[in-house]
Trainee: 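Submitted below is the structure of interest, expressed as structure tokens.
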Amino acid sequence: MSSHNDAAVLASWSRNADPWVTAVRENEIASRVLVTNAAIVEAVRARHPRTAVDLGCGEGWLVRALPEVRMVGVDAVPELVEAARLAGGGEFRQLSYEQIAAGELDLAVDLAVCNFSLIGKEAVDGLFRAAPTYLRKGGALVVQTVHPLASCGDAAYQDGWRSGSWAGFNSGFADAPPWYFRTVSSWLGLFTAHGLRPVEMREPLHPETGKPVSLILVGRLG
């Protein structure tokens with residue numbers, strides 16, 4: 001079931017590539033504009049990387065937002081990679097998480113960043129396991145995800161697959177992908193299980209509600 005759901009995640013993002021590009025570039029996602037875009041840029045800059053890779057880069061906005069860093073953006077969806085290449089700002093490659101897990105990315109950068117791009121289960125496990133194939137020793141993996149307390153809703157606070165939703169997005173989106181919910185402790189365990197020592201945790205707050213919007217975790221390799 002897990003691998004089937006991971007495949008469904010990728011298929012949905014392929015179908016929704018065009019509306020996603022529009023939503024990001026037209027600033028349609030309020031939480032990103034108010035909080036999370038700046039939060040991930042600040043988290044990356046705090047590590048002062050010279051080189052970095054954006055895993056699940058989408059249409060490439062984060063690469064463009066960090067012009068001082070020599071970055072490679074990677075995504076599995078060809079339409080998103082093409083949009084990123086047309087906008088420029090860095091090098092962009094089309095690779096799936098499974099290909100990265102198999103060692104096909106072949107980098108040695110100071111920092112890897114995953115900004116709301118870790119949705120699945122087995123594919124994400126493989127991406128973490130492959131960290132030594134794209135991070136230099138002492139390098140950092142920076143992850144921003146929806147805060148588990150904010151995204152849990154009325155369901156039990158435990159790991160598992162959940163149904164997706166495009167609620168709050170424009171009408172161009174369809175067929176929301178499933179997503180794999182992880183508790184805070186499970187996120188931390190994902191780092192430690194793959195040799196990434198957690199060194200920082202941030203919980204960006206919504207300026208109006210004062211509630212955490214996202215969770216940012218940083219792990220150090222070696």
Side-chain angles (χ1 to χ4, degrees), residues 1-17 20 24 36 40 52-60 62-63 71-84 92-107 109 111-135 139-148 151-152 158-166 173 175-196 198 214-219 221:
M1 177 65 73
S2 179
S3 59
H4 171 75
N5 281 334
D6 278 317
V9 169
L10 182 58
S12 176
W13 278 101
S14 295
R15 288 191 295 270
N16 289 286
W20 178 254
V24 172
T36 65
I40 194 64
V53 60
D54 183 1
L55 301 171
C57 68
E59 53 71 65
L62 184 55
V63 172
M71 292 189 75
V72 176
V74 182
D75 204 283
V77 180
E79 295 86 353
L80 292 176
V81 174
E82 179 61 19
F92 296 96
R93 305 182 190 178
Q94 183 190 339
L95 286 171
S96 68
Y97 287 174
E98 288 80 5
Q99 288 174 300
I100 296 172
E104 295 183 31
L105 183 53
D106 191 26
L107 289 174
V109 295
L111 181 145
V113 57
C114 301
N115 187 51
F116 297 111
S117 59
L118 302 182
I119 301 169
K121 173 64 171 71
E122 291 176 353
V124 172
D125 293 341
L127 195 69
F128 271 68
R129 188 168 56 249
T133 69
Y134 54 78
L135 277 179
L141 174 60
V142 181
V143 172
Q144 179 166 228
T145 186
V146 176
H147 199 289
S151 62
C152 186
Q158 61 187 33
D159 294 4
W161 283 98
R162 303 194 179 184
S163 298
S165 171
W166 292 121
F173 287 89
D175 302 322
W179 61 286
Y180 192 79
F181 176 86
R182 289 180 173 85
T183 64
V184 174
S185 60
S186 292
W187 276 111
L188 290 168
L190 190 61
F191 280 80
T192 58
H194 296 99
L196 293 153
S214 68
L215 175 68
I216 296 178
L217 295 170
V218 181
L221 180 67

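Everything numeric in this text was worked out from a predicted model, so none of it was measured.
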Trainee: Mind checking the CD-CD spacing from Glu79 to Gln94? Nearest 0.5 Å is all I need.
Mentor: 8.5 Å

Trainee: Keeping the roles fixed (side chain from Thr192, backbone from Gly189), state whether a donor-acceptor pair exists under 3.5 Å.
Mentor: yes

Trainee: Got a donor-acceptor contact below 3.5 angstrom from the Asn115 side chain to the Gln144 backbone?
Mentor: no

Trainee: Tell me, do Leu190 and Leu217 make a side-chain contact under 4.5 Å, heavy atoms counted?
Mentor: no

Trainee: Please find the pair of heavy atoms, one from Pro177 and one from Ala8, that lie closest to each other, and give the distance.
Mentor: CB-O, 4.2 Å

Trainee: Nearest 0.5 angstrom please: Thr36 OG1 to Leu215 CG, how far?
Mentor: 12.5 Å

Trainee: Contact between Leu196 and Phe128 at the side-chain level, heavy atoms closer than 4.5 Å - yes or no?
Mentor: yes

Trainee: Assess the residue pair Thr145 and Leu118 against the criterion (side chain to side chain contact (heavy atoms under 4.5 Å, CB included)); give the C-alpha distance rounded to whole Å, side-chain angles, the decisive distance to 0.1 Å, and a yes or no.
Mentor: CA-CA 7 Å; Thr145 186; Leu118 302 182; 5.9 Å; no

Trainee: Is there side-chain contact between Leu105 and Thr133, with heavy atoms separated by less than 4.5 Å?
Mentor: no

Trainee: Run Phe92 and Val63 through side chain to side chain contact (heavy atoms under 4.5 Å, CB included) and show every step you take.
Mentor: CA-CA 9 Å; Phe92 296 96; Val63 172; 3.8 Å; yes

Trainee: Please confirm whether the backbone N or O of Ala76 pairs with a side-chain atom of Ser96, one donor and one acceptor, at under 3.5 Å?
Mentor: no

Trainee: Which heavy-atom pair separates Ala84 from Gly58 by the least distance, and what is that distance?
Mentor: CB-O, 4.1 Å

Trainee: First locate atom CG of Asp75, then atom OG of Ser117, and finally report the distance between them rounded to the nearest 0.5 Å.
Mentor: 8.0 Å

Trainee: I'd like to check Phe191 versus Val143 (side-chain heavy atoms, cut-off strictly below 4.5 Å). Are they in contact?
Mentor: yes

Trainee: Using only atom types and a distance under 3.5 Å, with no angle test, would you say the side chain of Trp179 pairs donor to acceptor with the backbone of Trp161?
Mentor: no

Trainee: Does the pair Ile40 and Leu62 meet the rule for a side chain to side chain contact (heavy atoms under 4.5 Å, CB included), with working shown?
Mentor: CA-CA 9 Å; Ile40 194 64; Leu62 184 55; 4.0 Å; yes

Trainee: Do Tyr134 and Leu55 come close enough that some side-chain heavy atom pair is under 4.5 Å?
Mentor: yes

Trainee: Taking all non-hydrogen atoms of both residues, which atom of Leu135 and which atom of Ala140 are closest, and how far apart?
Mentor: CD2-O, 3.5 Å

Trainee: Once you round to the nearest 0.5 Å, how far does CG of Asp106 lie from CZ of Arg93?
Mentor: 7.5 Å

Trainee: Any donor-acceptor pair under 3.5 Å linking the side chain of Ser14 with the backbone of Leu10?
Mentor: yes

Trainee: So, the side chain of Glu122 versus the backbone of Asp6: is there a donor-acceptor pair under 3.5 Å, distance only?
Mentor: no

Trainee: Show the atom names and distances, to 0.1 Å, of all donor-acceptor pairs under 3.5 Å that link a side chain in residues 181-188 to residues at least two apart or in another chain.
Mentor:
| unit_1 | atom_1 | unit_2 | atom_2 | d |
| --- | --- | --- | --- | --- |
| Arg182 | NH1 | Gly120 | O | 3.3 |
| Thr183 | OG1 | Ser185 | OG | 3.1 |
| Thr183 | OG1 | Ser186 | N | 3.1 |
| Thr183 | OG1 | Ser186 | OG | 3.0 |
| Ser186 | OG | Asp159 | OD1 | 3.0 |
| Ser186 | OG | Asp159 | OD2 | 2.7 |

Trainee: Got a second to check how far Asp175's CG is from Ser12's OG, nearest 0.5 Å?
Mentor: 6.5 Å

Trainee: Leu127 and Ala101: which non-hydrogen atoms are nearest, and at how many Å?
Mentor: N-CB, 4.5 Å

Trainee: Pair Arg162, Cys152 - check side chain to side chain contact (heavy atoms under 4.5 Å, CB included), show working.
Mentor: CA-CA 10 Å; Arg162 303 194 179 184; Cys152 186; 3.9 Å; yes

Trainee: May I ask you to decide if the ring planes of Trp13 and Trp166 are parallel, tilted or perpendicular, using 30° and 60° as cut-offs?
Mentor: perpendicular

